[in-house]
Amino acid sequence: MRRSELDQPAQVVAQTLLGALLTHSVADGVVSVRITEVEAYGGVGADPASHAHRGRTPGNEVMFAMPGTLYVYFVYGMHWCANVVCGPGSDASAVLLRGAAVVEGVGLSRRRRPTVRRDSDLAKGPANLAAALGLSGSANGLDLLRRGSPVRLSKAGSRPVETKRVGVGPRVGVGRATDRPWRWWIIDDPTVSRYRAGRGRTPR
DNA sequence: GCGACGATCTCA
DNA sequence: GAGATCGTCGCC
């Protein structure tokens with residue numbers, strides 16, 4: 001996958017990433033997933049629901065890195081979530097990876113998620129996706145396009161997803177800017193998470 | 001320095 | 001439908 005494909009607004013990149021492959025290689029082995037559900041988040045001042053909305057802080061600085069950088073953050077005191085930093089430029093927009101199908105390394109991902117029954121649940125939901133891939137804070141800031149990087153993004157061997165098979169709707173669990181249909185998923189795919197409305201909040 | 005709250009998940 | 005669980009940021 002070329003950097004220029006990611007050097008675009010997150011809403012564009014989000015749809016590009018459907019069907020793409022994300023691979024994490026460690027000493028124990030490799031887990032590779034096919035992305036089935038994504039959400040776009042805007043940059044500074046552009047999206048009240050984005051971590052970058054209020055500007056650069058030590059916690060969100062990776063969002064300001066170049067497109068193709070992996071942004072991993074910690075939520076709810078126990079979960080990690082993974083994002084692909086987008087553009088244009090380093091505008092701090094990003095795409096949250098919410099769902100995926102494990103296509104390689106099912107055994108390793110099952111060891112990371114021992115309670116899971118169905119394979120389709122291994123990387124269903126953003127925190128589960130990060131867990132199945134073994135992504136945590138130490139992967140924050142990695143370049144997903146650099147040759148030799150432990151976490152890689154590619155479209156090799158993946159057919160583009162047909163437009164008619166892509167669903168669109170509001171983001172999950174987001175309490176601000178709830179009117180933006182910035183979530184995309186592959187229709188009828190069992191690895192797409194269930195929709196839950198966010199707690200309502202006064203716009204900021 | 002403090003406290004509210006969050007891009008979640010699991011189980012009842 | 002609620003609890004687990006804690007880092008981060010904004011505000012006092």
Side-chain angles (χ1 to χ4, degrees), chain A residues 9-15 17-18 22 33 35-65 69-86 91-102 109-141 144 167-185 190-204:
Chain A
Q11 302 96 286
V12 175
V13 176
Q15 295 164 81
L17 290 181
L18 284 180
L22 187 65
V33 304
I35 297 166
T36 59
E37 182 190 0
V38 293
E39 279 177 3
Y41 286 86
V44 180
D47 178 7
S50 171
H51 290 172
H53 181 240
R54 290 170 177 270
R56 190 172 189 142
T57 67
N60 67 16
E61 66 173 346
V62 165
M63 292 187 79
F64 293 78
T69 302
L70 180 66
Y71 169 51
V72 184
Y73 69 91
F74 191 60
V75 267
Y76 296 111
M78 60 194 88
H79 298 301
W80 295 96
C81 296
N83 302 249
V84 177
V85 173
C86 304
D91 83 330
S93 69
V95 170
L96 171 67
L97 306 178
R98 290 197 53 90
V102 177
S109 70
R110 277 194 171 275
R111 260 173 271 144
R112 289 169 174 155
R113 305 211 56 226
T115 64
V116 163
R117 305 205 180 175
R118 300 196 302 282
D119 282 358
S120 58
D121 289 336
L122 281 169
K124 179 183 197 156
N128 292 332
L129 187 155
L133 276 165
L135 298 177
S136 67
S138 59
N140 191 32
L144 295 168
V168 190
R171 296 174 289 187
V172 173
V174 170
R176 292 185 265 258
T178 53
D179 56 319
R180 301 187 195 192
W182 283 3
R183 172 179 177 241
W184 292 268
W185 64 91
T191 66
V192 172
S193 66
R194 174 174 125 252
Y195 178 74
R196 287 183 300 280
R199 277 185 58 96
R201 229 157 187 0
T202 51
R204 181 73 69 96

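The shown structure was predicted, so the numbers you read here are calculated from the model rather than taken from an experiment. Every chain is numbered from 1, with letters handed out A, B, ... down the list of sequences.
- Considering CD of A:Glu61 and CZ of A:Arg56, their distance stands at 6.0 Å, rounded to 0.5 Å.
- The interatomic distance linking A:Arg56 (CZ) with C:dT8 (P) rounds to 16 Å, in whole Å.
- Put simply, the side chain of A:Ser50 never gets that close to the backbone of A:Gly43: no donor and acceptor are under 3.5 Å apart.
- When the side-chain nitrogen and oxygen atoms of A:Asn128 are compared with OP1 and OP2 of B:dT10, one or more of them lie within a distance under 4.0 Å.
- Of the candidates B:dA7, C:dC9, B:dT8, B:dT8 carries the atom nearest the A:Arg196 side chain, counting heavy atoms from C-beta on.
- Pair assignment for B:dG1 gives C:dC11, based on Watson-Crick or G-U wobble hydrogen-bonding distances that are each under 3.5 Å.
- In this structure, NE2 of A:His51 is placed 11 Å from C1' of B:dC5, rounded to the nearest angstrom.
- The distance from atom NZ of A:Lys124 to atom C1' of B:dC9 is 13 Å, rounded to the nearest whole Å.
- Among the protein residues, A:Ala49 comes within range of the nucleic acid bases, having at least one heavy atom under 4.0 Å from a base atom.
- Side chain A:Tyr73 to base B:dA7: a donor-acceptor pair is found below 3.5 Å.
- Atom CD of A:Glu39 is separated from atom C1' of B:dA7 by 6 Å (rounded to the nearest Å).
- Heavy atoms of A:Arg194 sit nowhere under 4.0 angstrom from any nucleic acid atom.
- Counting only heavy atoms from C-beta on, A:Met63 has its side chain closest to B:dA7 among C:dC9, B:dA7, B:dT8.
- Nucleotide B:dA7 forms no Watson-Crick or G-U wobble pair with any nucleotide shown, as no partner meets the under 3.5 Å limit on both distances.
- In this view, A:Ser120 and A:Arg118, A:Pro190, A:Thr191 satisfy the side chain to side chain contact (heavy atoms under 4.5 Å, CB included) rule, not counting sequence neighbours.
- Of all heavy-atom pairs between A:Trp184 and A:Gln15, the closest is NE1-CD, 3.4 Å.
- If you take CZ of A:Arg171 and C1' of B:dT8, they are 16 Å apart, rounded to a whole angstrom.
- In the set C:dA4, C:dG7, B:dG6, the nucleotide with an atom closest to the side chain of A:Phe74 is C:dG7.
- The distance from atom CE of A:Met78 to atom C1' of B:dC11 is 13 Å, rounded to the nearest whole Å.
- Checking the phosphate oxygens (OP1, OP2) of B:dC9, no side-chain nitrogen or oxygen of A:Arg113 falls inside 4.0 Å.
- Between the CG atom of A:Leu135 and the P atom of B:dA7 there is a distance of 19 Å, given to the nearest Å.
- At whole-Å resolution of the value, CH2 in A:Trp80 and C1' in B:dA7 are 15 Å apart.
- The two atoms that bring A:Pro126 and A:Cys81 nearest to each other are CB-SG, 3.9 Å, heavy atoms only.
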